Each structure stands twice: as structure tokens, then as C-alpha cells.
Amino acid sequence: MLDKNQIAKRIARELEDGYYVNLGIGIPTLVANYIPEGVQVVLQSENGLLGMGPFPIEGEEDADLINAGKQTITTVPGSAFFDSAMSFGMIRAGRVDLTVLGAMEVADNGDIANWKIPGKMVKGMGGAMDLVASAKNIIVAMQHVNKAGESKLLSKCSLPITGLGCVKKVVTELGVFNITERGFELIEIAPGVTIDEVKAKTEGRLVVEGNIPVIEV
Amino acid sequence: MNKVVNNAEEAIKDVSDGMTILLGGFGLCGIPENCINAMVAKGVKNLTCISNNAGVDDFGIGLMLQQKQVKKMVSSYVGENEEFERQMLSGELEVELIPQGTLATRAMAAGYGMPVIYTPAGVGTEVAIGKETRVFDGKTYLMEHAFKADFAIVKAWKGDTQGNLIFRATSRNFNPLMAMAGKYTIAEVEELVPVGELNPDHIHTPGIYVNCIFQGINYEKRIEQRTVNLKI
């Protein structure tokens, strides 16, 4: 089974040199800690920054310099600031190569729900709907089941939808899944996890074919 | 031409009950602190506020919510605010949640003189309910209208007496867009300089969009999520 950092590390292997990447809040943020050597990526923060750097050293926080999670951050050489319309303009125009975000539910046709639990959590979609509607490649990082033990990889989302047919890949503590016309295709499995466990915890259509390699951690 | 006023109180003197106001800022970053405080002091009510966020309980637009001055909030994300949640769930406050890029681009459209935009954000979701859609090159888009608002209130880092504005770092965010979208735009700045001092190549918002400008005071610039790496 993978922990949060190992999920992030596995996703980081999807990064290619020259990628512009938008990382969501939570596990996706951790991906920045595992950028492979020799790979240069530029991180986009949708509040108006390309070239996001690490958190500042204590005492060097700047109230004017935050990320989309409202955390104080820094910039790296080559960074650029812009307004929110241009920020979503570059997303809409398909200039951002990869978006990594969390989800409450993903369906086997690539639908995603991650913004609202009716009656419980109604905080708003922020930039999630814009990102999922336009990003070329969307990877979801999430736990395989919810707190009640129910599968989050479903045949149909039960929560309000954020976007339709947009997720390309899901990485959970149990494995890596490509989303194709056939559903969730298990392409790698986490160490110590059995295929039966993956089957038991996946409600949506699951495809397991041939030898499934174990994720290197 | 005289766009300069002395303070926030003077700048917002024509803001009255029931108006629609666009406000710049992302979270607490780049919000027009002085004008918000002045609107709280003035007690203007039944406002519709269009702003990406709604502040926190005791800062920013949250202060106006506490005084029940806001009738409707149009935002993309409204977490981190208990009073907001209470008013929303009790039905005292009307809330319209819209995707962040749609919010930004509807403001931009107003400033560019375009009545609508088409965006794929929200297609197939509850955001799309009742909205016209069109298919371009096989992809479905929602038609969204440019904002119409009585006032826009923004905060810039520097401005000159003709209303030209320069923003700093990520406090730019929605400010230049809101500035373009108001019928009457108020800019508060950390530093107001005489005309001619700003390099024309560095201007983010040309003064044509700004009706009124003043140098703000006592900026708190509160940080919402202070995250640091420890000194080694």
C-alpha cells in the first residue's frame, strides 16, 4: 500500500522535461517534492503565477505572494505574474500540460466529482471546473475508498459533477489506473496489495490483464 | 482631470444600499482593505458583492458579512468563513458559486465591451443549468454573460494621479479585471505618485478604467496560510 508521499512520488514519474504543471491542494502539492532529476517543470498557480518555488524561509514571507491554497510561497528564476483571466486563459487554451488534483469520486468514464457534498460541504469549485474542462492531461491523486469504506472508483459519480469524461489516470494507495473506454485499467499495483483487494474496493468497471507490475517505491 | 480623493470614506461616498460591487483580491491577498472598512463604517446594506472569495470571519468581506450588509455573494470559493456558512445555510445570504476562470473572464468581457463569453467550464454540471450552450469544433461551451456592476473596488501597489495602476506579485489576481468591469471604478493604492512617474511600459491597468484613486493607510495585508521552511 502506498502512503501519500509515495502516491505523489509515483505521479511525479509522469512529469516530462518542459512540462507546465498545475498541482491541486493536498496530495498533488506533494508531487513538487519528487520531480525527477534532469526534468525541469514549471509550476502554475492559478491565482496568477508561473514558476512557483518552495515555501519561504521563516521571516521572508510576503503577503503579496501566495499560491492557490493561500499559502505563502516563493518564485523561482524565470517566473511570471499575471491576472486571473490570463491564468485561466492559458489553462483553457491547453497550454498547461498536466493537471494533478484530488477527488471525492471518479467514474470509469472519466467523470470527476470533487467540489460539493450537498448539505455538508459547499465551499465552491474554485478553479476545479475550469481545470478539468480544459486540461490536456488530468491525473487524480486520491484514496481508493472514503472514510465509510466505500469505493471512490465508481461506475457513476453520486456527488455533484465537476467535469465530464476528463480524468485520464488515477493513482491511489492501491495502484495506478488508466481510464479507457473499458473502464479503470490497472496498470501497476502497490506493494503488498492483492488483485482481489483492488477488485473488492473498486465499484466501477475494472480491467486487469496480464502481469501487473508492482510500483517501485 | 481630478480623480484623487483623500481617503476611502470619500471614495465610497456614492455607494448605496442595494448596489452591485465588484471587488478585487484572492483570499486576503490584494483586497481593498481601506474601502471595505469604510463600507463597514458607513453601514451600506443589501449589497451584491462579486468577489472570488468572501474574506475570513474577522477580515475583508467577512467584516461586511458580520454586519449583515451583503444580500448576495457571487464567488468561486467561500471556505474558511464560519459566519458566511451560517448565513448561507440559514438562507439569510444568497450565494452564487461560479467557476474561478468564468468569474475572471466575465469581468474581463465587461472591460473589453463583449456581452458574453463561451467557456467549457461547468458543462454537464449544475453550473450549466438554464444556460445556453453551443458546440464549437465538437466541444460544448456554456454562454456566460459579462458582469454588470455599479462599482468596482480594487487595490493596487502603486498608482498615479491619473489612475494608472501597477500591481505587485500575486496580489494582482482579479484586481485588473474588476477594475475594467465597473461602471465606476475606485482604486486604493499603497503608494500614490504624481503623473509621469510610472513607466508607461509597466502599467497593468490604464487610468481610463479608473474613476477615483487614493492612497490607503494602515495596510494589514493579513496572511491566511503562513507556511514557511525553517531556517537551517
Side-chain angles (χ1 to χ4, degrees), chain A residues 29 45-49 52 54-75 79 81-92 111-113 115-116 118-119 121-134 160-166, chain B residues 26-30 52-53 75-81 85 88-89 95 97-105 107-109 111 119-127 139-141 157 167-177 204 219-232:
Chain A
T29 306
S45 189
E46 65 265 27
N47 56 317
L49 167 63
M52 179 167 56
F55 297 139
I57 300 292
E58 199 173 7
E60 291 177 12
E61 310 92 285
D62 179 346
D64 288 338
L65 184 47
I66 63 169
N67 64 17
K70 285 119 186 170
Q71 297 170 307
T72 44
I73 44 147
T74 57
T75 56
S79 63
F81 296 116
F82 35 84
D83 67 52
S84 300
M86 183 178 278
S87 183
F88 285 95
M90 62 184 71
I91 289 166
R92 218 179 284 119
D111 290 357
I112 178 171
W115 75 281
K116 184 178 183 181
M121 190 206 84
V122 192
K123 293 185 173 184
M125 65 292 283
M129 283 189 184
D130 306 274
L131 280 160
V132 301
S134 298
I161 291 287
T162 309
L164 299 174
C166 50
Chain B
F26 183 96
L28 303 179
C29 183
N52 189 54
N53 313 87
S75 301
S76 85
Y77 187 83
V78 292
E80 283 80 64
N81 194 322
E85 211 169 324
M88 176 168 66
L89 294 173
V95 178
L97 293 170
I98 59 180
Q100 198 173 129
T102 303
L103 184 76
T105 314
M108 188 195 81
T119 176
V123 169
T125 76
E126 58 188 64
V127 166
K139 184 165 175 161
T140 306
Y141 293 77
W157 177 46
F167 304 91
R168 184 173 172 275
T170 58
S171 71
R172 190 184 319 181
N173 56 63
F174 285 84
N175 280 300
L177 306 161
H204 295 127
Y219 280 106
E220 183 181 340
K221 296 176 82 168
R222 194 185 291 188
I223 292 174
E224 212 165 327
Q225 305 282 344
R226 187 178 300 274
T227 43
V228 294
N229 286 313
L230 294 179
K231 247 183 211 159
I232 306 160

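Predicted, not measured: the structure shown is a model, and the values here were computed from it. By convention in this document, chain letters (A, B, ...) are assigned in the order of the sequence lines, proteins followed by strands, and residues within each chain are numbered from 1.
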- Note on the structure: Between A:S134 and B:P120, the two heavy atoms sitting closest are OG-CG, 3.5 Å
- Query: Hey, which of A:E46, A:K116, A:E60 has the most heavy atom pairs under 4.5 Å with chain B?
  - Reply: A:K116
- Message: I want to check something: taking the side chain as every heavy atom from C-beta on, are A:R92 and B:Y141 in contact at a cut-off of under 4.5 Å?
- Response: no
- Item | Among A:L164, A:V132, A:L49, A:I66, residue most engaged with chain B (heavy-atom pairs, under 4.5 Å) | A:I66
- Determine the option with the most heavy-atom pairs under 4.5 angstrom with chain B, choosing from A:G119, A:G69, A:P56. A:P56
- Query: Which one of A:E58, A:Q71, A:M129, A:K123 has the most heavy-atom pairs closer than 4.5 Å to chain B?
  - Reply: A:K123
- So, the part of B:T102 with a heavy atom under 4.5 Å from chain A: the answer is both
- Query: Pick from B:I223, B:N175, B:T125: which one has the most heavy-atom pairs with chain A under 4.5 Å?
  - Reply: B:T125
- Applying a strict 4.5 Å limit to non-hydrogen atoms, the region of B:R168 in contact with chain A is both
- Task: Using modelled atom types only, decide if a donor and an acceptor are shared between the side chain of B:T227 and the backbone of A:T72 within a distance under 3.5 Å.
- Result: yes
- Side chain from CB out, backbone as N, CA, C, O: work out which of these in B:I98 comes under 4.5 Å of a heavy atom of chain A, or both, or neither. backbone
- Task: Report yes if some heavy atom in the side chain of B:N52 is under 4.5 Å from a heavy atom in the side chain of A:S84; otherwise report no.
- Result: no
- Message: Are B:M108 and A:D83 packed together at the side-chain level, in the sense that at least one heavy-atom pair is separated by less than 4.5 angstrom?
- Response: no
- What residue, out of B:G101, B:G122, B:A104, has the most heavy-atom pairs lying under 4.5 Å from chain A? B:G101
- Against chain B, label A:T162 side chain, backbone, both or neither, depending on which of its atoms sit under 4.5 Å from a heavy atom there. backbone
- Note on the structure: Between A:D130 and B:A121 the two heavy atoms that sit nearest each other are OD1-CB, 3.3 Å
- Query: A:A68 versus chain B, heavy atoms under 4.5 Å apart: side chain, backbone, both or neither?
  - Reply: both
- Message: To the closest 0.5 Å, what do you measure between CE (A:M125) and CD (B:E126)?
- Response: 7.0 Å
- Note on the structure: In terms of heavy-atom pairs under 4.5 Å with chain B, the winner among A:N47, A:I91, A:I73, A:D64 is A:D64
- Counting only heavy atoms not in A:M90, do more than 12 fall under 6.0 Å of its CE? yes
- Cation-pi between A:K70 and B:F26: NZ/CZ under 6.0 Å from ring centre and within 45° of the ring axis? yes
- Specify the closest pair of heavy atoms between A:F88 and B:Q100, including all atoms of both residues, with the distance to one decimal. CE1-OE1, 3.4 Å
- Query: Where does A:N67 contact chain B at under 4.5 Å (heavy atoms): side chain, backbone, both or neither?
  - Reply: backbone
- Pick whichever of B:N53, B:L97, B:L89, B:V127 has the most heavy-atom pairs under 4.5 Å with chain A. B:L97
- Spell out, as yes or no, whether a donor-acceptor pair under 3.5 Å connects the side chain of B:T170 to the backbone of A:G48. no
- Query: Do the non-hydrogen side-chain atoms of B:N229 and A:P54 ever get within less than 4.5 Å of each other?
  - Reply: yes
- Side chain, backbone, both or neither: which part of A:F55 has a non-hydrogen atom closer than 4.5 Å to chain B? both
